[in-house]
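One structure is given below, encoded as structure tokens.
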Amino acid sequence: KQLNLLKPKINDLGCNYFQFYKEIKINNYVCDYFGYDLDKKFIEIGLEKFPELKKKYKIANVENANLRKSDISIISDTLEVTERPEKVIRNIISSTKKIIILRTFLSSNQEVKLVKNKKILNKPYLINCFSYNMIIEYFINNNFYPQIYPDLATNSSQTNEVFKNVKRKFFIIVFTKKNYLLKNFKTKVYKKLFTNRVKKR
């Protein structure tokens, strides 16, 4: 709502059973929504509650899916479990015009953990954690500039044990494309981000 976009196209990557769409609907936010998920069962569960989305989703791996062009891309609680996160990020960057909202695990150090437990998992499960520097640098190099927020809406804003001996902390990063920033936020603070000029005193 703060972006003041008129019916933006929103791609929800890893939409699960449309939890994010539920919040869009509750808030009466008008947008052109489209969801992507690998798990057909979750989609089927979601369509029971939101039959209006029967032509607004695609069952696909977001690593190599042909994503539609969007104004905003949302990827929440998904990137850290993908096998090739860099490929996912490249796909999102190439398909997004204005804003990317990423909710994932961040810390000072990059960590990759493959968890195994045959009692509760059919197959081994990745739980990555990205470093602040790596994720920020990658997006800036692709002209998306970040604002990082703790995940205050859930208890995941604190460090939690997400699997035995695996501790993680969620953050929300809002990346805004450079040309959109310059066009819509014409302030000295933002302009300073995009120039190497030093003012003479």
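Excluded from the calculations below are hydrogen atoms, water molecules and symmetry mates; all remaining heavy atoms, backbone and side chain alike, are included.
- Annotation: side chain of P146 is not in contact with side chain of V174 (no heavy-atom distance under 4.5 Å).
- Contact of the I135 side chain with the L102 side chain is registered, since non-hydrogen atoms from C-beta on lie closer than 4.5 Å.
- Distance check, rounded to the nearest 0.5 Å: OG1 of T82 to NZ of K87 gives 11.0 Å.
- Contact check for D77 versus R103: side-chain heavy atoms found under the 4.5 Å cut-off.
- Atoms CG and CG, from L106 and D151 in turn, are 11.0 Å apart once rounded to the nearest 0.5 Å.
- One hydrophobic cluster, built from ILVMFWY side chains closer than 4.5 Å, cannot hold both V30 and I10; they sit in different ones.
- From C15, atom SG reaches atom NZ of K58 across 12.5 Å, with rounding to the nearest 0.5 Å.
- When the side chains of ILVMFWY residues are joined at heavy-atom separations under 4.5 Å, either directly or via intervening members, L38 and I59 end up in two distinct hydrophobic clusters.
- The aromatic ring centroids of F105 and F170 lie less than 6.0 Å from each other.
- At least one donor-acceptor pair closer than 3.5 Å links the side chain of D37 to the backbone N or O of D39.
- Taking CD1 from I100 and CG from D71, the interatomic distance works out to 12.0 Å, rounded to the nearest 0.5 Å.
- Under a 3.5 Å cut-off, the side chain of E63 and the backbone N or O of V88 do not form any donor-acceptor pair.
- Side-chain atoms of K97 and Y180, non-hydrogen and from C-beta on, never get closer than 4.5 Å to each other.
- Separating the CG atom in N61 from the CD atom in E83 is a distance of 8.0 Å, to the nearest 0.5 Å.
- Between Y36 and F34, the distance separating the two ring centers is shorter than 6.0 angstrom.
- Environment of CG in N66: sparse, with no more than 12 heavy atoms of neighbouring residues, nucleotides or ligands closer than 6.0 Å.
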List the steps, then state whether side chain to side chain donor-acceptor pair (under 3.5 Å) holds for Y21 with E52. CA-CA 11 Å; Y21 177 78; E52 66 269 26; 2.9 Å; yes
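- Using a 4.5 Å cut-off on side-chain heavy atoms (C-beta onward), N16 and I43 make no contact.
- Between the T96 side chain and the I99 main chain, no donor and acceptor come within less than 3.5 Å of each other.
- Under a 3.5 Å cut-off, the side chain of T78 and the backbone N or O of I75 do not form any donor-acceptor pair.
- Of the possible donor and acceptor atoms, none in the side chain of N11 sits under 3.5 Å from a partner among the backbone N and O of Y33.
- Note: K22 NZ to N27 CG = 11.0 Å, rounded to the nearest 0.5 Å.
- Between Q147 and I173, the closest side-chain pair of non-hydrogen atoms is not below 4.5 Å.
- In this structure, F42 and Y17 have tilted ring planes: the angle between them lies in the 30° to 60° band.
- Between the side chain of D12 and the backbone N or O of G35 there is no donor-acceptor pair closer than 3.5 Å.
- With hydrophobic clusters built from ILVMFWY side chains whose heavy atoms lie under 4.5 angstrom apart, I45 does not share a cluster with I24.
- Counting non-hydrogen atoms of neighbouring residues, nucleotides and ligands closer than 6.0 angstrom, the CG atom of L6 reaches no more than 12 such neighbours.
- Among the candidates K69, K7, K56, the single residue satisfying the salt bridge (Lys or Arg N to Asp or Glu O under 4.0 Å) test with D32 is K56.
- Looking at I92 and L13, their side chains come closer than 4.5 Å, going by heavy atoms from C-beta outward.
- With a 4.5 Å cut-off on side-chain heavy atoms, P8 and Y29 count as touching.
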Between F18 and L47, does a side chain to side chain contact (heavy atoms under 4.5 Å, CB included) hold up when you go through it step by step? CA-CA 8 Å; F18 307 119; L47 289 176; 4.0 Å; yes
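- For S95, there are no side-chain hydrogen bond (donor to acceptor under 3.5 Å, both in side chains) partners at least two apart in sequence or on another chain.
- Checked against Y132 for a ring pair (Phe, Tyr, Trp, His ring centres under 6.0 Å), the options F171, F139, Y138 give a single hit: F171.
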